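Worksheet: the structure to be examined is printed underneath.
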Amino acid sequence: MNKYIFKVAKFEIVRQLKKPAFWAATLLIPALIGGIYFISFISTQEVETNPTLDENTTVAITDEAGVLSAGAPFVINGDKEYGKEMVKNEEVDLYFYIPKDFLESKKVEFYHISEGLEIFNNDGNIIKGLLLQDVMKRTDEVDALVLMGGYEIIDNKMTKDGEEANALGKAIIPFFIGIVFFMFIALCGNRFLMTVVEEKENRISELILTSVSSRHLIVGKIIAMLVLGVVQILALVIPILIIVLINRENQMIGSIVSMIEVDPVSIIFSLLLFAVSAVFYAGTCTFVGSLVSTARDASSFIGPAIIMMVFPLYFMQMFMMEPNLIVQILTYFPFSAPVALMLRNGFGTISTVEYLIGILVVAISAVIMIRLAVSSFQKNAINFGMVKPRFLKKK
Amino acid sequence: MNIVEAKNFKMKFGNKTVIEDLSFEVKRGEIFGLLGANGCGKTTTVRVLLGFYAPTAGELLVDGKKYNPEDSRITVGYLPEERGLYRKENVIDTMMYFGELKGLKNPREWSIKYLERVGLLDKLNEKIEKLSGGQQQKIQLGITIMGSPKLLILDEPTKGFDPMNRRLLMEIIEELHQKGTAIIMITHYMDEVERLCDRALLLKDGVARAYGRISEIKKEFGGKSLDQIFVDVYGDENE
């Protein structure tokens, strides 16, 4: 690497890594993911454990409908009022009333002393467990299996050629890479803009351009921002992968993981597309940043830039089918190409040749954008106002 | 050979001509005054010299070539009129960054020596934004003179400086001059020009109105002071 590019990149990386704001932004999303995971874990624990009766919980049931077998536990002879009185007098913790018209109403009344705001209280489900246990005792193994649905359906999809089809399994990794790309844009877009605007806002452009060429300055900054973006993405992806790894025995996660079909070619192409798209996006933001002079001007451009990138999502359904003209245009238009290519790769509606052409279009566009950013920064670095197109200028 | 050569240099922005067929030289080791009222083209000339703008016609050369900031054989220090620094960075990191870019062997050592000299050693790890305007100017000056440049361009160097800092700046300029650095000074203070400069160029509307040794210019204008010459040249506009 050129020594000037290296020096600029090193300075930009170190100064960002020293900023608390960088780490706050980097760790916020993993912390949120962790927080959501923790809450869902706790609530799952609550839902799973509460319906099971512990030794200290006392229960009473009035079964006017005769649903339970004779001699079933917790059944009392008293009526509903008697049961409620037991709860009031704290003789029992939980009281269930199964009315005579249970089959029609399909309702069981549940009485217990409220302990304030009980978001996760699921004690009412205890009756379901008790009723199920009672029914199971009266049912043979096959009936029980059928009734409980305790069997797995193995989905064997086939192609028209008679081969095994696993479109969803193949799409998981490309879509995951696509989601990571969105995260990358959301996390890094503003920084890409600001890294160039900062030079003008601080009135430092002239001082710096007598020490380093605009080409090496811009390329160094872009490399630094990409490296920082990768750090942030890793901080985001690694906790997700850890959570998946820890919970691979979980039914839902396990079934998704087992479905994943690793297609090395598709993964390599997806990563290649990710890389060139990130550079293209960095070049675009840097170019825009070189045209404006303040953070406020810059921030108004980030929105349209993202909208252009995510435009193909509005046509999501079209991407699932045989590509029409709109899909073809979006595939090869540099601003929409990254997302369009990711979608088509995920849905399996793109050939290898088309995909490579798309990647090439994005790569060439990235180089053009960086060249534009360099020349624009050289020209506009010392214009401390916003650059207006010629047609907007007063004659 | 001259350190700066301008040959039939013209500069237009759209339809507006800023510099019209200008030729001049700056000799090695001399202090050269680039003079004129606001908007006469002084800063534009420097910006073309440093490659920020491409000239409309002619050429401006530093050491016989177009200026390239990364050519270690031609070191140029430029203190622009529009001055700034990375406000959120601390003093030593900022100075070391520029020192590394300018190819100093030991930028930290150089920076510490300079800060000691200008009385800012205690601000070493302070953020730039926490420094006063005068203190920031000292940092900018330090960055400008890093690596003993062959050519030093100072655009309104004493603008906003208090008398103490002004004296310090003059001392540093004198030292560099003694070491053989050629200095281009853009200033409105004619007393500074008379005291420091060997030669000068007075611009008006992008045209040279006076050029040569200070004594020659004075002689050409009937022995008047530079201050009076300036008033005479620009006086027409106010009549």
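All of these numbers come straight from a predicted model, not from anything done at the bench. Protein chains get the first letters and strands the later ones, always in sequence-line order, with residue 1 at the start of each.
The six-membered or imidazole ring of B/Phe24 lies near that of B/Phe32, with a centre-to-centre distance under 6.0 Å. Taking the six-membered ring wherever Trp is involved, the centroid distance between the rings of A/Tyr281 and A/Phe184 does not fall below 6.0 Å. If you look at B/Tyr86 and A/Phe11, their ring centroids are closer than 6.0 Å.
Looking at B/Leu85, both its backbone and its side chain come within 4.5 Å of chain A, counting heavy atoms on both sides. Within the 4.5 angstrom heavy-atom criterion, no atom of B/Thr75 approaches chain A. Proximity to chain B (any heavy atom under 4.5 Å) is shown, for A/Val8, by both the backbone and the side chain. Using a 4.5 Å cut-off between heavy atoms, A/Lys18 touches chain B through its side chain atoms alone.
Residues of residues 95-115 of chain B that come within less than 4.5 angstrom of chain A, heavy atom to heavy atom, are B/Tyr97, B/Phe98, B/Glu100, B/Leu101, B/Lys102 in numerical order.
Looking at B/Lys7 and B/Ser23, their side chains never bring a donor and an acceptor atom within 3.5 Å of each other. In this structure, a donor-acceptor pair under 3.5 Å is absent between the side chains of B/Gln136 and B/Gln140.
Of all heavy-atom pairs spanning B/Lys12 and B/Thr56, the tightest one is N-OG1, 2.7 Å. Closest non-hydrogen pair, A/Glu12 versus A/Arg15, comes out as OE1-NH1, 3.0 Å.
Using a distance-only test at 3.5 Å, with no hydrogens or angles considered, no donor-acceptor pair links the side chain of B/Asp205 to the main chain of B/Val207.
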